Amino acid sequence: MSLILYNTLTRKKEPFTPGDPSRVTMYVCGPTVYNFAHIGNARPPVVFDVLFRLLSARYPKVVYARNFTDVDDKINAAAAAQNVPIKTITDKFTAIYKADMGALGVLTPTVEPCATDHISQMIRMIETLIANKHAYEAEGHVLFDVPSFKDYGVLSGRNRDDMIAGARVEVAPYKKDPADFVLWKPSTPDLPGWDSPWGRGRPGWHIECSAMIEKHLGNTIDIHAGGHDLIFPHHENELAQGTCAHGGATYARMWMHNGFLTMDKEKMSKSLGNIVTVHELLPSWPGEALRYALLAAHYRQPLDWSDESAAQAKATLDRAYRALEQTAGIQAANVAVPAAVIEALEDDLNTPKAMAELAALVKDLNNASDADKPRLKGELLATGKLLGILQQDPAAWFNAAKTSSGVDAAEVERLIAARLDARKAKDFKEADRLRAAIAALGVTIEDRPDGTKWRVE
Ligand code: AMP
Ligand code: ZN
């Protein structure tokens with residue numbers, strides 16, 4: 001079976017062929033660390049985490065880099081507004097981002113480079129671009145000379161007039177061409193800056209990623225990914241400068257972009273203000289349910305977010321964990337992920353199809369004969385592992401739901417004990433009353449040979 005991925009560059013699905021199968025390389029543009037990540041920001045790291053897991057299962061070594069942009073005008077503005085050093089802001093939000101992604105079951109990438117650790121790499125790359133006549137210095141700035149790269153626009157499919165008219169191209173007197181973009185810019189003494197051949201300054205956004213890719217992954221990488229909004233100008237510019245810095249070598253073989261997470265059909269974005277942060281969702285929902293909800297739609301489709309998305313995901317995971325809880329005494333067989341799941345994921349990461357296969361496995365396990373249970377349980381766990389879910393002890397899953405639900409566990413235990421006493425005394429009316437009182441708390445109980453179990457629905 002071959003892995004097929006949609007390549008934004010060619011606008012079609014293509015078989016994935018790494019340059020060197022013994023070292024597959026992928027890069028995902030990471031966050032600018034100046035405030036909390038919203039649930040839309042979590043879509044790329046979660047989606048491409050599944051890709052990382054899938055590739056890691058197929059190839060002996062996958063080097064996955066996801067950066068932190070820790071130098072940026074938005075960071076400078078946040079530091080000034082709070083009257084703290086820039087590093088206070090970036091350290092804080094880097095740590096929060098890592099914790100949030102951990103809660104969403106996102107594996108730590110192989111490398112997590114920070115832009116500010118790569119300034120000398122950026123300066124060297126800019127010097128190469130100037131030497132190759134693809135960049136020029138003007139008034140303390142260094143700009144990429146867009147007309148010097150004939151393939152400019154190949155990724156986004158934009159023509160020059162569209163680009164210049166586009167909101168994100170800044171017109172400035174020192175530019176030779178309006179489409180030229182900044183590689184380096186001067187810093188005033190109150191702003192972060194580094195010494196360079198062009199004076200004290202700081203890098204533009206796009207050069208950061210190219211320099212970190214060059215250092216950690218190489219001149220040509222297999223997969224470059226991020227959200228759809230990064231196609232232009234960020235990835236178009238990365239492609240231009242990366243190709244020109246490396247004598248025309250392919251910059252990335254495959255470009256992948258996730259669709260937007262929306263709320264009431266509008267893109268979730270900090271600038272619109274219609275955001276829900278991962279940080280504020282986590283006390284109400286298990287991270288695993290948020291992850292499931294993010295994977296429930298195909299990554300290139302829009303995904304409209306509401307509490308209902310998380311609630312549905314949680315209910316589905318409850319069913320899966322219940323099946324695992326009910327087979328707690330059965331040793332899972334050491335089996336491979338079922339072919340149907342692999343086929344779904346190898347078809348451009350069709351996670352909704354893979355989730356449907358997982359739901360079918362839950363049903364099969366619930367209805368299975370004792371002889372089939374070890375295999376089905378093994379298949380369910382292996383599928384869960386590939387998707388980054390179902391790896392918790394079911395008891396821990398249900399206990400976490402109890403504590404995060406706000407239900408008073410001691411009160412539930414007291415009502416259960418009272419109901420047991422009533423039943424022993426054959427006072428079934430009182431036992432029914434107590435069952436209803438428990439249900440009114442949003443708690444479901446189940447009488448089992450080993451005692452009465454309860455869970456929050
Ligand atoms: P930013 O912090 O805006 O640079 O975004 C970080 C990452 O999140 C980038 O890969 C963006 O493309 C992605 N992103 C931002 N907003 C959304 C959204 N509403 N839906 C999906 N991805 C998004
Ligand atoms: Zn980038």
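In each ligand, atom 1 is the first atom listed, and ligand 1 is the first ligand listed. Values in this document were obtained by computation on a predicted structure and should not be read as measured data.
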Just to check, does Ala42 reach to within less than 4.0 Å of ligand 1 when the distance is taken from its heavy atoms?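 Per 4.0 Å heavy-atom rule, Ala42 does not contact ligand 1.
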Do Val106 and Arg291 come close enough that some side-chain heavy atom pair is under 4.5 Å?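 Yes - at least one pair of side-chain heavy atoms lies under 4.5 Å apart.
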Aromatic contact, [X] with [Y] (centres under 6.0 Å):
X      : Y      : answer
Phe93  : Phe36  : yes
His234 : Trp205 : yes
His235 : His206 : no

Given salt bridge (charged side-chain N to carboxylate O under 4.0 Å, His left out), test Arg66 with Glu112 step by step and report yes or no. CA-CA 5 Å; Arg66 190 192 62 213; Glu112 294 181 285; 3.2 Å; yes
Mode of Leu261 contact toward ligand 1 - side chain, backbone, both, neither (heavy atoms, under 4.0 Å):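 Both backbone and side chain.
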How does Asn258 reach ligand 1, by side chain, by backbone, by both or by neither, if only non-hydrogen atoms under 4.0 Å count?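 Only the side chain of Asn258 comes within reach of ligand 1.
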Candidate with minimal heavy-atom separation from atom 3 (O) of ligand 1, of Asn41, Asp72, Val47, Asn35: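 Checking each option, the heavy atom nearest atom 3 (O) of ligand 1 is found in Asn41.
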Out of Ser269, Gly40, Cys29, indicate the one that has the non-hydrogen atom closest to atom 22 (N) of ligand 1.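 Among Ser269, Gly40, Cys29, the closest heavy atom to atom 22 (N) of ligand 1 belongs to Gly40.
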For [atom], the protein heavy atom that lies nearest, with its residue and separation:
atom                    : value
atom 13 (C) of ligand 1 : Pro44 CG, 3.8 Å
atom 10 (O) of ligand 1 : Gly227 N, 3.1 Å
atom 4 (O) of ligand 1  : Thr32 OG1, 4.2 Å
atom 19 (N) of ligand 1 : Met268 O, 2.8 Å

What distance separates Asp117 CG from Glu208 CD, expressed to the nearest 0.5 Å?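 Result: 11.5 Å between the selected atoms.
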So that I can check it, does any N, O or S atom in His206 come closer than 2.8 Å to the Zn ion (ligand 2)?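 No - counting backbone and side chain alike, His206 has no N, O or S atom under 2.8 Å.
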Does any N, O or S atom in Cys209 come within less than 2.8 Å of the Zn ion (ligand 2)?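 True for Cys209.
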By atom name, which N, O or S atom belonging to His234 lies closest to the Zn ion (ligand 2)?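 Closest to the Zn ion (ligand 2) among those atoms: NE2.
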To the nearest 10°, how many degrees is the angle Glu238 OE2 to the Zn ion (ligand 2) to Cys29 SG?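 Here the angle at the metal atom is close to 100°, to 10°.
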List every atom of ligand 1 that sits less than 4.0 Å from any heavy atom of Lys270, numbering the atoms from 1 in the order shown and giving each element.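 With Lys270 as reference, the close atoms of ligand 1 come out as 2 (O).
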Does Lys185 come within less than 4.0 Å of Asp73, counting only side-chain N to carboxylate O?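 Yes, charged N to carboxylate O under 4.0 Å.
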Please check if any side-chain donor atom of Ser148 sits under 3.5 Å from a side-chain acceptor atom of His134, or the reverse.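 Result is yes, a qualifying pair exists.
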Test item: Gln391 side-chain N/O and Ile389 main-chain N/O as donor-acceptor pair under 3.5 Å: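 Yes, the answer is positive, given that a donor and an acceptor are paired below the 3.5 Å cut-off.
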